[in-house]
Amino acid sequence: MMIDGDNTLYFSPASLWEIGLKKSLPRRDFKVDPEVLRRGLLDNQYQELPITSLHVLAVDHLPPIHKDPFDRILLAQATAEGISFLTSDRILRQYPGPVIFIAP
């Protein structure tokens with residue numbers, strides 16, 4: 001599915017923001033650099049999907065299944081744009097709509 005050349009792959013700045021926040025915590029086991037990740041995504045033809053006011057408003061229409069605001073904005077972006085949202089989060093797969101569960 002992902003390797004189909006007809007698919008456009010997107011990433012959200014919300015993911016980079018969350019990674020940056022986690023990186024700033026005193027955790028020795030978290031070594032992801034959001035700048036390196038962004039460069040890698042762009043180098044591999046992922047498109048950045050900016051967060052718009054439409055996406056922010058779509059969060060209010062999601063059932064309160066998941067409490068994580070980053071996961072909720074990611075799902076709202078996918079829903080508002082009519083694109084599939086791939087996740088390994090078992091809670092997110094409970095949402096109706098464009099969620100595709102990828103086993104870890």
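Throughout, residue positions are numbered sequentially from 1 according to the sequence presented.
- In this structure, S15 OG and E48 CD are separated by 10.5 Å, a value rounded to the nearest 0.5 Å.
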Check residues 16-27 and write down every donor-acceptor pair under 3.5 Å in which the side-chain atom is one partner and the other belongs to a residue at least two apart or another chain.
unit_1 : atom_1 : unit_2 : atom_2 : d
S24    : OG     : L21    : O      : 2.7
R27    : NE     : D29    : OD1    : 3.1
R27    : NH2    : D29    : OD2    : 3.2

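- Residues L75 and I83 do not share a hydrophobic cluster, clusters being chains of Ile/Leu/Val/Met/Phe/Trp/Tyr side chains in contact below 4.5 Å.
- With sequence neighbours excluded, no residue forms a ring-ring contact (aromatic ring centres under 6.0 Å, His included) with F30.
- Rounding to the nearest 0.5 Å places CD of E81 at 7.0 Å from CG of L54.
- Residues in residues 57-68 take part in these side-chain hydrogen bond (donor to acceptor under 3.5 Å, both in side chains) pairs, two or more places apart or across chains: H66-D71, H66-D89.
- Under the 4.5 Å side-chain heavy-atom criterion for grouping Ile, Leu, Val, Met, Phe, Trp and Tyr, F101 is not connected to Y95 through any hydrophobic cluster.
- The shortest non-hydrogen separation linking Y10 to Y46 is O-CD2, 4.0 Å.
- With R72 as the fixed residue, the side chain to side chain contact (heavy atoms under 4.5 Å, CB included) test singles out one of L92, V59, I65: V59.
- Hydrophobic clustering keeps V99 apart from L86 (ILVMFWY residues linked when any side-chain heavy atoms are closer than 4.5 Å, directly or through intermediates).
- Using a distance-only test at 3.5 Å, with no hydrogens or angles considered, a donor-acceptor pair links the side chain of Q45 to the main chain of D43.
- Taken to the nearest 0.5 Å, the CZ atom of F85 stands 11.0 Å off from the CD1 atom of I102.
- Q47 contributes atom CD, which lies 8.0 Å from atom CG of L42 (distance to the nearest 0.5 angstrom).
- Linking ILVMFWY side-chain heavy atoms closer than 4.5 Å, directly or via other members, places L37 and L9 in a single hydrophobic cluster.
- Judged by distance alone, with hydrogens and angles left aside, the side-chain atoms of Q77 form a donor-acceptor pair with the main-chain N or O of L49 at under 3.5 Å.
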